[in-house]
J.: 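Sending over a structure as structure tokens; questions will come in a sec.
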2 protein chains.
Amino acid sequence: MSSRRATIADVAREAGVSVSTASVVFSGKTPVSDATRSRVLVAAATLGYTGPDPRAASLRRGRSGIVGVVFQDHLSRVFLDPVVTHMMDGLADAVAPLGAGLLLLRDDETPEGASSDPSLTTAPIDAAVLIGCSGRMRDQLAVLEARGIPVVVIEGDAGPHVPRIDLDNHEAQRAVAQHVRGLGHTDVVLLTLPADAVRTFGWIREDREITTDVTRVRLGGAREVFPDAPAFAAESSSIDQGLAAGRAILAAGRPTAVIAQSDLLAAGMIRAAEEAGLRVPEDLSVTGFDGVVVDGLEPYELTTVVQPATDKGRAAGEAVAARLDGRDAASFRFTCTFRAGNTTAPPRL
Amino acid sequence: MSSRRATIADVAREAGVSVSTASVVFSGKTPVSDATRSRVLVAAATLGYTGPDPRAASLRRGRSGIVGVVFQDHLSRVFLDPVVTHMMDGLADAVAPLGAGLLLLRDDETPEGASSDPSLTTAPIDAAVLIGCSGRMRDQLAVLEARGIPVVVIEGDAGPHVPRIDLDNHEAQRAVAQHVRGLGHTDVVLLTLPADAVRTFGWIREDREITTDVTRVRLGGAREVFPDAPAFAAESSSIDQGLAAGRAILAAGRPTAVIAQSDLLAAGMIRAAEEAGLRVPEDLSVTGFDGVVVDGLEPYELTTVVQPATDKGRAAGEAVAARLDGRDAASFRFTCTFRAGNTTAPPRL
DNA sequence: TTGTAGGCGTTATCAT
DNA sequence: ATGATAACGCCTACAA
């Protein structure tokens with residue numbers, strides 16, 4: 001019972017071998033005779049040595065085995081979105097073979113520039129995945145680049161040289177809109193994700209700039225089909241927000257279809273319609289986006305486009321793996337799949 | 001443009017000061033004259049030095065600034081539960097002042113014993129928070145203890161010496177049951193969380209052992225008031241599961257009240273009741289557990305007990321902080337608060 | 001306030 | 001198959 005933890009040197013001494021041999025027993029980098037191996041293992045057991053200290057190993061190797069995941073928002077809000085959840089799962093899968101764990105980093109930079117401690121600048125990460133998009137992302141990229149840390153961006157405004165995982169948001173949303181128009185709808189309202197960092201709830205005026213990439217791009221896709229459709233922005237992607245927005249939309253008029261930018265919003269919209277005595281899809285068609293399982297939406301099955309959320313995460317993980325391998329990772333653009341449900345139908349005459 | 005990254009020694013040389021001075025400029029541990037400081041900073045800038053290498057720093061300090069969070073389940077499933085989400089938020093808050101980040105660790109140990117790489121045994125963590133409860137948790141505890149890593153357990157079966165964050169599940173559930181009985185109900189069904197690792201969906205037979213702690217304890221609380229109430233186990237805590245279970249329950253009989261072990265299950269139960277033409281609370285009273293915001297449940301407001309999920313996470317974080325500080329952390333037991341909603345009423349005569 | 005020196009625990013290289 | 005040795009980059013007594 002020494003006060004100090006045993007080190008590999010202690011183990012080597014106890015086993016009567018050299019440190020390098022002991023080290024090799026644990027890393028398996030070089031063949032070792034069975035006899036010596038077991039001697040070392042026994043020595044380790046007696047000394048209560050549980051393996052190399054990861055800190056020392058990572059200094060020596062120049063690798064920590066940790067991948068940072070940087071969010072632009074509070075963790076609680078971020079994980080409420082099933083798309084994010086699935087992405088994380090894919091990401092975790094893809095980095096697992098690397099022997100890497102995921103370090104959650106939220107962007108807490110105080111406005112003053114005095115960053116709080118656990119930040120991008122000091123975390124022992126081998127690579128980083130930036131998720132979402134905000135003004136600060138450029139700064140974050142700069143910091144990471146200066147540190148020489150490989151970065152992959154998921155659906156965000158990366159610079160050149162930075163591999164990004166993207167989605168065909170424009171095309172997918174246009175496809176949905178075309179489906180709706182194909183059914184005969186002309187009186188359509190667009191229900192969008194937050195339009196900017198302020199997250200203003202309400203009708204989007206034409207002079208208002210939409211700074212959130214996803215929102216702007218999906219809106220563009222829908223407007224290609226319905227150039228004049230009014231758009232209403234929610235504060236976040238949730239059923240309750242969809243419900244609130246839905247009430248406001250129905251209070252202002254009676255469109256025959258609502259194209260929502262997320263499944264959760266669409267679910268809320270449906271509920272608002274029911275509340276107003278409208279039947280879906282007979283009186284109102286509603287479409288979603290994402291293709292996530294909306295808990296509690298039964299018996300409806302949303303007409304939506306399915307985005308490969310898990311695959312997006314996995315692709316990001318693979319891109320990270322590639323960059324850590326010295327290869328350079330290509331950007332990748334995923335494609336959504338249209339899925340017809342029972343929430344759209346021709347408008348009533 | 002040297003091929004090697006600049007180190008603090010390079011910066012010191014460039015600035016014409018000693019390494020220790022340069023080091024101090026970055027750590028701020030000791031006062032430095034303004035003149036020297038700026039010389040060092042300038043030197044760092046010219047050399048593209050962005051601060052001490054975290055790996056080296058952590059070896060030297062014996063700290064990595066990382067707290068591991070160990071889940072018993074797939075990440076995607078885990079984060080679907082709002083309670084977990086909030087806990088994570090509290091946890092993140094509480095460890096932030098430590099300058100620590102959160103490393104996601106899922107328990108991936110292959111059954112064969114050949115653990116996959118990114119594991120508890122090799123992660124450079126200063127402390128760990130174990131969440132939930134499973135058989136493997138004991139092993140995990142053993143590993144971490146052997147490594148000398150402080151552990152805090154949230155709602156799980158920890159050994160002695162391990163601080164745990166707990167909830168008064170028994171008392172809280174009993175309080176709910178008493179409320180229900182106070183309204184006059186006698187024909188009650190209990191709708192529970194999964195009863196064991198197999199997650200069997202269906203009526204819980206009396207000879208079946210309930211291995212999941214939370215489920216067993218809450219059930220015990222309810223049974224103290226309704227000793228003979230039948231119990232039906234869901235596969236997971238979700239609205240859809242509540243709906244499915246609710247259908248099964250109503251197909252088997254017409255209780256006047258259902259006591260659910262989570263708000264999500266309760267929400268599904270309500271939906272099942274509506275579907276069956278029952279009004280809540282007139283024809284059927286329903287109670288929940290957790291006090292989370294159930295997206296899309298409007299206009300209902302669940303009668304439930306509110307658990308301080310965020311506080312639980314925060315407490316765990318503070319316990320971690322304490323143990324890293326050398327103090328020892330006390331276990332803590334949180335109390336739920338009863339909250340009357342509009343989903344319970346006296347039974348109809 | 002600034003400098004000197006030693007070591008944190010490992011692993012990679014090279015020789016044996 | 002095994003061993004000696006030199007980094008990895010930093011921090012912190014301690015001394016000046």
Side-chain angles (χ1 to χ4, degrees), chain A residues 2-41 43-44 47-65 99 121-124 126 147-149, chain B residues 2-41 43-44 47-65 99 121-124 126 147-149:
Chain A
S2 87
S3 64
R4 210 175 91 278
R5 290 200 76 65
T7 75
I8 203 169
D10 301 326
V11 174
R13 193 174 326 112
E14 170 87 12
V17 301
S18 75
V19 266
S20 25
T21 307
S23 171
V24 158
V25 167
F26 288 101
S27 72
K29 290 278 188 187
T30 302
V32 184
S33 81
D34 282 356
T36 22
R37 185 206 320 291
S38 63
R39 281 233 307 293
V40 170
L41 259 20
L47 265 46
Y49 179 80
T50 51
D53 179 340
R55 288 179 284 260
S58 81
L59 170 58
R60 180 61 239 232
R61 292 215 252 250
R63 286 275 164 88
S64 65
T121 61
T122 61
D126 294 339
R147 284 185 64 190
I149 293 178
Chain B
S2 85
S3 62
R4 208 174 94 279
R5 288 200 79 65
T7 76
I8 202 168
D10 301 328
V11 174
R13 196 177 322 114
E14 170 86 13
V17 301
S18 77
V19 265
S20 50
T21 306
S23 171
V24 157
V25 167
F26 288 101
S27 73
K29 288 280 185 185
T30 302
V32 184
S33 79
D34 282 358
T36 3
R37 187 207 317 293
S38 65
R39 281 234 306 293
V40 170
L41 259 21
L47 264 47
Y49 179 80
T50 51
D53 180 335
R55 287 180 285 260
S58 81
L59 171 57
R60 181 60 235 243
R61 291 215 252 253
R63 286 275 162 90
S64 65
T121 62
T122 61
D126 294 339
R147 284 185 63 189
I149 293 178

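In what follows, every heavy atom counts, from backbone to side chain, and hydrogens, waters and symmetry copies are set aside.
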J.: Please report the distance, rounded to the nearest Å, between CZ in B:Arg61 and P in C:dG9.
T.: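 From B:Arg61 CZ to C:dG9 P: 16 Å.
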
J.: For B:Ser64, which residues count as a side-chain hydrogen bond (donor to acceptor under 3.5 Å, both in side chains) partner, sequence neighbours excluded?
T.: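 For B:Ser64 the side-chain hydrogen bond (donor to acceptor under 3.5 Å, both in side chains) partners, ignoring immediate neighbours, are B:Asp126.
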
J.: Classify B:Ile8 by what it touches in the nucleic acid, base, sugar-phosphate, or nothing, heavy-atom distance under 4.0 Å.
T.: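 Sugar-phosphate contact only - B:Ile8 comes under 4.0 Å of backbone atoms but never of a base.
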
J.: Supply the atom-to-atom distance B:Arg60 CZ to B:Asp53 CG, rounded to the nearest 0.5 angstrom.
T.: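 Taking CZ in B:Arg60 and CG in B:Asp53, the distance rounds to 14.5 Å.
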
J.: Run the side-chain hydrogen bond (donor to acceptor under 3.5 Å, both in side chains) test against B:Asp10 and tell me which residues pass, sequence neighbours left out.
T.: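 Checked B:Asp10 against side-chain hydrogen bond (donor to acceptor under 3.5 Å, both in side chains); matches are B:Arg4, B:Arg13.
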
J.: Report yes or no: is there a donor-acceptor pair, N or O only, under 3.5 Å between the side chain of A:Arg60 and the base of C:dT10?
T.: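 It does not, because no donor-acceptor pair links the side chain of A:Arg60 to the base of C:dT10 below 3.5 Å.
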
J.: How long is the line joining CZ of A:Arg13 and P of C:dG9, in whole Å?
T.: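 Rounding to the nearest Å, CZ of A:Arg13 and P of C:dG9 are 12 Å apart.
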
J.: Looking at every heavy atom in both A:Ser23 and A:Ile8, which two are closest together, and how far apart are they?
T.: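 Taking every non-hydrogen atom into account, CA-CD1, 3.2 Å.
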
J.: Looking at CZ of A:Phe26 and OG1 of A:Thr50, how far apart are the two atoms once the value is rounded to the nearest 0.5 Å?
T.: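 Those atoms lie 8.5 Å apart.
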
J.: Given Watson-Crick or G-U pairs with both distances under 3.5 Å, what dot-bracket string fits DNA chain D, with | for other-strand pairs and [ ] for crossing?
T.: ||||||||||||||||

J.: For a 4.0 angstrom threshold against heavy atoms of chain A, report the outermost contacting nucleotides of DNA chain D in 5' to 3' order.
T.: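 In short, chain A contacts DNA chain D from D:dA1 to D:dG9.
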
J.: How far apart are the closest heavy atoms of A:Pro54 and B:Arg147, and which atoms are they?
T.: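 For A:Pro54 versus B:Arg147, the nearest heavy atoms are CG-NH2, 3.3 Å.
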
J.: What's B:Val17 touching, base or sugar-phosphate or nothing? Going by heavy atoms closer than 4.0 Å.
T.: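 Answer is sugar-phosphate: B:Val17 comes under 4.0 Å of backbone atoms only.
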
J.: Between B:Val11 and B:Ala44, what is the shortest heavy-atom contact and its length?
T.: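 Smallest heavy-atom distance, with atoms named: CG1-N, 3.9 Å.
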
J.: Measure all distances between protein nitrogen or oxygen atoms and nitrogen or oxygen atoms of nucleotides 13-16 of chain C, and list the pairs falling under 3.5 Å.
T.:
none

J.: Provide the full list of salt bridge (charged side-chain N to carboxylate O under 4.0 Å, His left out) pairs with a residue in residues 22-36 of chain A, sequence neighbours left out, each pair given once.
T.: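 Pairs touching residues 22-36 of chain A that pass the test: A:Asp34-A:Arg37.
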
J.: Could you give the CG-to-C1' distance, from B:Asp126 to C:dC8, as a whole number of Å?
T.: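 Checked: the CG to C1' distance equals 15 Å.
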
J.: Return the set of residues passing side-chain contact (heavy atoms from CB on, under 4.5 Å) with B:Arg39 (not counting sequence neighbours), or none when no residue passes.
T.: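 With neighbours one apart ignored, the set is B:Val17, B:Thr36.
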
J.: Measure CG/A:Asp53 against C1'/C:dT11 and give the value in whole Å, please.
T.: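 Answer to the nearest Å: 13 Å.
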
J.: Rounded to the nearest 0.5 Å, how far apart are CG of B:Leu47 and CD of B:Glu14?
T.: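 Output value for this atom pair is 5.0 Å.
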
J.: Determine the contact category for B:Tyr49: base if any of its heavy atoms lies under 4.0 Å from a base atom, sugar-phosphate if only primed atoms, P, OP1 or OP2 are that close, otherwise nothing.
T.: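 Here B:Tyr49 touches the backbone only, sparing every base.
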
J.: Nearest heavy atom decides the nucleotide; on that basis, is B:Leu59 or B:Val19 closer to the 5' end of DNA chain C?
T.: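 Mapping each residue to its closest nucleotide by heavy atoms, the 5'-most match is B:Val19.
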
J.: Test of understanding: with side-chain contact (heavy atoms from CB on, under 4.5 Å), list the residues that count as partners of A:Ser18, not counting sequence neighbours.
T.: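 Expected list: A:Ser20, A:Thr21.
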
J.: What residues in residues 30-40 of chain B put a non-hydrogen atom under 4.0 Å from any atom of DNA chain D?
T.: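 The answer is none.
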
